[in-house]
Undergrad: 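Handing you a structure now.
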Amino acid sequence: MSETHKSVFTENGIPFFAGKKVWITGHRGMLGSALVRRFEGENANLLLTSRQELDLCDQRAVLEWVDKNRPELIFHIGAKVGGIHANATLPADFLYDNLMVQSNVMEAAYRSGVKKMVFVASNCTYPTKAEQPIKEDALMTGPLDDNIRAYAISKIAGIEMCRAYNKQHGCNFISIIPPNLYGPGDNYHPQHSHVVAGILRRTHEAKVAGKSEFVVWGDGTPRREILHVDDLADAMKCLMAAPVTHDLFNVGTGHDLAIKDLATLIAEVVGFEGSIVYDTSKPNGTMAKLLDSSRIRALGWEPKISERAGLETSYRDFLKLLETPQSGRL
Ligand code: GDP
């Protein structure tokens, strides 16, 4: 493991996370498993619960588990997530699951006196027409994209809950807003995945089938900022360990690209030379979502993984998954 994985923060001369009880919700998902990897060598006492062991939608079970296990720090990642099509077709599931889970985790965290929590929100929370790059104070200043409104509102409620618990109960809960995430552990479901995984799967399938073209949803003009999960995991550790004066942080690369350019880059990584066909029956969604991440940059964090190098790790992950398919990821 490289030194850069480890937290540079100390508390009373001791590495910040050493010996601390750290609960990571959603540790089997793409981001949760990246964070677990990034804790290697930190000597933290990680508390990890599978869905079978603890159903985060079950209020009583969550309160009892937290009371018994007493985490000191929580990374609240566990949530129902999905791409634009999943959001447009399953809005009730997104709203119900996320409101239930985050309410249970936050109330339990407050009652047991958790020292600090980092809650993962989403760039969907910003208005569709927010000024670019989007600053944290653009939250709730305009209408949301229709396709992802239910999910966005669940995450806005989570950000507001953090603020409310801080204000009313003196908690130390902070929220982060990442751009489109990708990396090892992604979900490559043909309809429900996010853009990177969806295009990666289709270019690979087109290559294997010897086709001359591959399909990209929408018209290719929307722009997206993509961030490798390992970079986000490092940012989350930084925000947990650093004394911070804000309750909301954008965490992005500062660079976005048009979907058509992203598709071209993915096709290069996959080694497919065919041309792009646009399926304009699928939504474009928000046209641009570039985040202004200067607030976290001021704390010293910066992304380390280039788009091409990151996409190569995704493609290796996808090829490995094809050899040993895991349910729910394909
Ligand atoms: P969003 O950033 O919240 O909109 O979520 P996504 O990760 O699903 O990205 C959606 C954007 O990528 C839209 O502009 C889609 O039209 C475009 N897109 C192109 N191909 C795909 C694909 O295969 N899957 C997904 N999810 N989006 C795609």
Side-chain angles (χ1 to χ4, degrees), residues 29-31 79-91 94 98 120-130 132-134 143-156 177-183 185-206 211 213-229 232 250-253 255-267 269-270 272 274-291 307 310-311 314-315 318 329-330:
M30 173 172 67
L31 177 56
K80 183 167 178 64
V81 295
I84 194 164
H85 179 74
N87 273 280
T89 49
L90 307 168
F94 279 91
N98 291 336
V120 182
S122 161
N123 61 353
C124 299
T125 53
Y126 286 124
T128 42
K129 302 237 164 77
Q132 309 284 309
I134 310 171
L144 302 163
D145 180 65
D146 268 354
N147 297 290
I148 43 90
R149 200 173 56 237
Y151 174 69
I153 284 175
S154 76
K155 291 292 186 180
I156 291 172
I177 296 193
N180 290 44
L181 289 177
Y182 72 100
D186 213 339
N187 179 315
Y188 300 91
H189 188 280
Q191 272 82 45
H192 292 170
S193 67
H194 285 278
V195 57
V196 169
I199 293 179
L200 197 148
R201 180 181 183 146
R202 277 201 306 282
T203 44
H204 173 81
E205 288 174 348
K211 291 190 178 156
E213 52 191 35
F214 66 98
V215 177
V216 165
W217 296 356
D219 66 12
T221 62
R223 302 182 71 81
R224 291 293 182 269
E225 178 182 10
I226 64 169
L227 180 70
H228 194 279
V229 274
L232 184 62
N250 289 335
V251 185
T253 61
H255 172 251
D256 65 358
L257 68 176
I259 295 290
K260 67 174 165 41
D261 296 327
L262 176 63
T264 304
L265 185 57
I266 294 173
V269 166
V270 169
F272 179 61
S275 50
I276 304 176
V277 178
Y278 294 100
D279 176 359
T280 50
S281 71
K282 295 282 195 308
N284 273 332
T286 302
M287 291 309 288
K289 306 183 174 201
L290 181 63
L291 300 173
E307 285 154 356
L311 291 169
S314 280
Y315 190 40
F318 177 70
R329 284 189 60 208
L330 275 173

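As the structure lists them, so they are numbered: ligands from 1, and atoms in each ligand from 1.
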Undergrad: May I ask you to identify the nearest protein heavy atom to atom 4 (O) of ligand 1, giving residue, atom name and distance to one decimal place in Å?
TA: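 Here the nearest protein heavy atom works out to Arg224 NH2, 3.0 Å.
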
Undergrad: Given side chains that start at C-beta, do those of Arg201 and Leu330 come closer than 4.5 Å, heavy atoms only?
TA: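 Arg201 vs Leu330: side chains touch.
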
Undergrad: Going by the atom numbers of ligand 1, which of them fall below 4.0 Å from some non-hydrogen atom of Pro222?
TA: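 Taking each heavy atom of Pro222 in turn, ligand 1 has 14 (O) under 4.0 Å.
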
Undergrad: Name the closest protein heavy atom to atom 9 (O) of ligand 1, giving the residue it belongs to and the distance to 0.1 Å.
TA: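 Ranked first by proximity to atom 9 (O) of ligand 1 is Val195 CB, 3.5 Å.
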
Undergrad: Can you spot which of Ile226, Leu31, Leu232 makes a side-chain contact (heavy atoms from CB on, under 4.5 Å) with Pro178?
TA: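 Of Ile226, Leu31, Leu232, side-chain contact (heavy atoms from CB on, under 4.5 Å) with Pro178 is met by Leu232 alone.
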
Undergrad: Are any side-chain N or O atoms of His255 and backbone N or O atoms of Glu225, one a donor and one an acceptor, separated by less than 3.5 Å?
TA: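 The answer is no, because no donor-acceptor pair under 3.5 Å joins these two groups.
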
Undergrad: Between the candidates Ile226, Asn284, Val215, Ile148, which shows the shortest non-hydrogen contact distance to atom 13 (C) of ligand 1?
TA: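 Nearest option to atom 13 (C) of ligand 1, by heavy atoms: Asn284.
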
Undergrad: Closer than 4.0 Å to some heavy atom of Gly83 - which atoms of ligand 1 meet that?
TA: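 Atoms satisfying the 4.0 Å criterion: 8 (O).
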
Undergrad: Side chain, backbone, both or neither: which part of Ser193 comes within less than 4.0 Å of ligand 1 when only heavy atoms are counted?
TA: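 Contact part for Ser193 vs ligand 1: backbone (N, CA, C, O).
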
Undergrad: So between Pro179, Pro283, Gly82, Gly285, whose heavy atom ends up nearest atom 15 (C) of ligand 1?
TA: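 Considering heavy atoms of Pro179, Pro283, Gly82, Gly285, the nearest to atom 15 (C) of ligand 1 sits in Pro283.
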
Undergrad: Take every heavy atom of Arg201, measure it against each atom of ligand 1, and state whether any distance is under 4.0 Å.
TA: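 Under 4.0 Å: no for Arg201.
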
Undergrad: Once the angle between the rings of His85 and Trp217 is folded into 0 to 90°, is it parallel (under 30°), tilted (30 to 60°) or perpendicular (over 60°)?
TA: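 If you compare the ring of His85 with that of Trp217, the planes turn out perpendicular.
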
Undergrad: Applying salt bridge (Lys or Arg N to Asp or Glu O under 4.0 Å), name anything that partners Asp256, two or more places apart in sequence or on another chain.
TA: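 With sequence neighbours excluded, Asp256 shows a salt bridge (Lys or Arg N to Asp or Glu O under 4.0 Å) to Arg223, given in chain and number order.
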
Undergrad: Quick one, Ile156 and Leu144 - any side-chain contact, counting heavy atoms below 4.5 Å?
TA: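 They are in side-chain contact.
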
Undergrad: Any idea which protein heavy atom is nearest atom 23 (O) of ligand 1, and the distance to it?
TA: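 Going by distance alone, atom 23 (O) of ligand 1 is nearest to Arg202 NH2, 2.7 Å.
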
Undergrad: Does any N or O in the side chain of Arg329 come within less than 3.5 Å of the main-chain N or O of Asp186, such that one atom is a donor and the other an acceptor?
TA: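 Yes: the side chain of Arg329 pairs with the backbone of Asp186.
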
Undergrad: So, does His192 sit close enough to ligand 1 that a heavy atom of it is under 4.0 Å from the ligand?
TA: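 It does not; every heavy atom stays at 4.0 Å or beyond.
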
Undergrad: Please set out all donor-acceptor pairs under 3.5 angstrom arising from side-chain atoms of residues 257-267, sequence neighbours excluded.
TA:
unit_1: Thr264; atom_1: OG1; unit_2: Lys260; atom_2: O; d: 2.8

Undergrad: With respect to atom 25 (C) of ligand 1, which of Phe214, Tyr151, Trp217 exhibits the smallest heavy-atom separation?
TA: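 Answer by nearest heavy atom: Trp217.
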
Undergrad: Are the side chain of Asn284 and the backbone of Asp219 linked by a donor-acceptor contact shorter than 3.5 Å?
TA: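 Checking the backbone N and O of Asp219 against the side chain of Asn284, a donor-acceptor pair under 3.5 Å is found.
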
Undergrad: At a 4.0 Å threshold, what atoms of ligand 1 neighbour a non-hydrogen atom of Cys124?
TA: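 Contacts of ligand 1 toward Cys124, numbered from 1: 3 (O).
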
Undergrad: Do Lys289 and Cys124 have side chains that get closer than 4.5 Å, going by heavy atoms?
TA: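 SC-SC contact between Lys289 and Cys124 confirmed.
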
Undergrad: Check each heavy atom of Ile259 against ligand 1 and say whether those closer than 4.0 Å belong to the side chain, the backbone, both or neither.
TA: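 Just the side chain.
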
Undergrad: Give the atom numbers and elements of ligand 1 that come within less than 4.0 Å of a heavy atom of Gly198.
TA: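 Reading through ligand 1 atom by atom, the close ones are 23 (O).
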
Undergrad: Short question: side chain of His194, backbone of Val196 - any donor-acceptor pair under 3.5 Å?
TA: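 Checking the backbone N and O of Val196 against the side chain of His194, no donor-acceptor pair under 3.5 Å is found.
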
Undergrad: Taking N or O atoms only and a 3.5 Å limit, does Lys289 qualify as a polar contact for ligand 1?
TA: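 The answer is yes, given that Lys289 and ligand 1 share an N or O pair closer than 3.5 Å.
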
Undergrad: Which atoms of ligand 1 sit under 4.0 Å from any heavy atom of Ile199?
TA: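 The atoms of ligand 1 under 4.0 Å from a heavy atom of Ile199 are 20 (N), 23 (O).
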
Undergrad: Under 4.0 angstrom from ligand 1, any heavy atom of His85?
TA: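 Not so, His85 does not reach ligand 1.
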
Undergrad: Counting only heavy atoms, which portion of Asn180 has something under 4.0 Å from ligand 1: side chain, backbone, both, or neither?
TA: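 Just the side chain.
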
Undergrad: Is there a side-chain contact (heavy atoms from CB on, under 4.5 Å) between Tyr126 and Thr286 once you walk through the steps?
TA: CA-CA 10 Å; Tyr126 286 124; Thr286 302; over 6 Å; no

Undergrad: Tell me: protein heavy atom nearest atom 8 (O) of ligand 1, and distance?
TA: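 In this structure, atom 8 (O) of ligand 1 has Ile84 N, 2.9 Å as its nearest protein heavy atom.
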
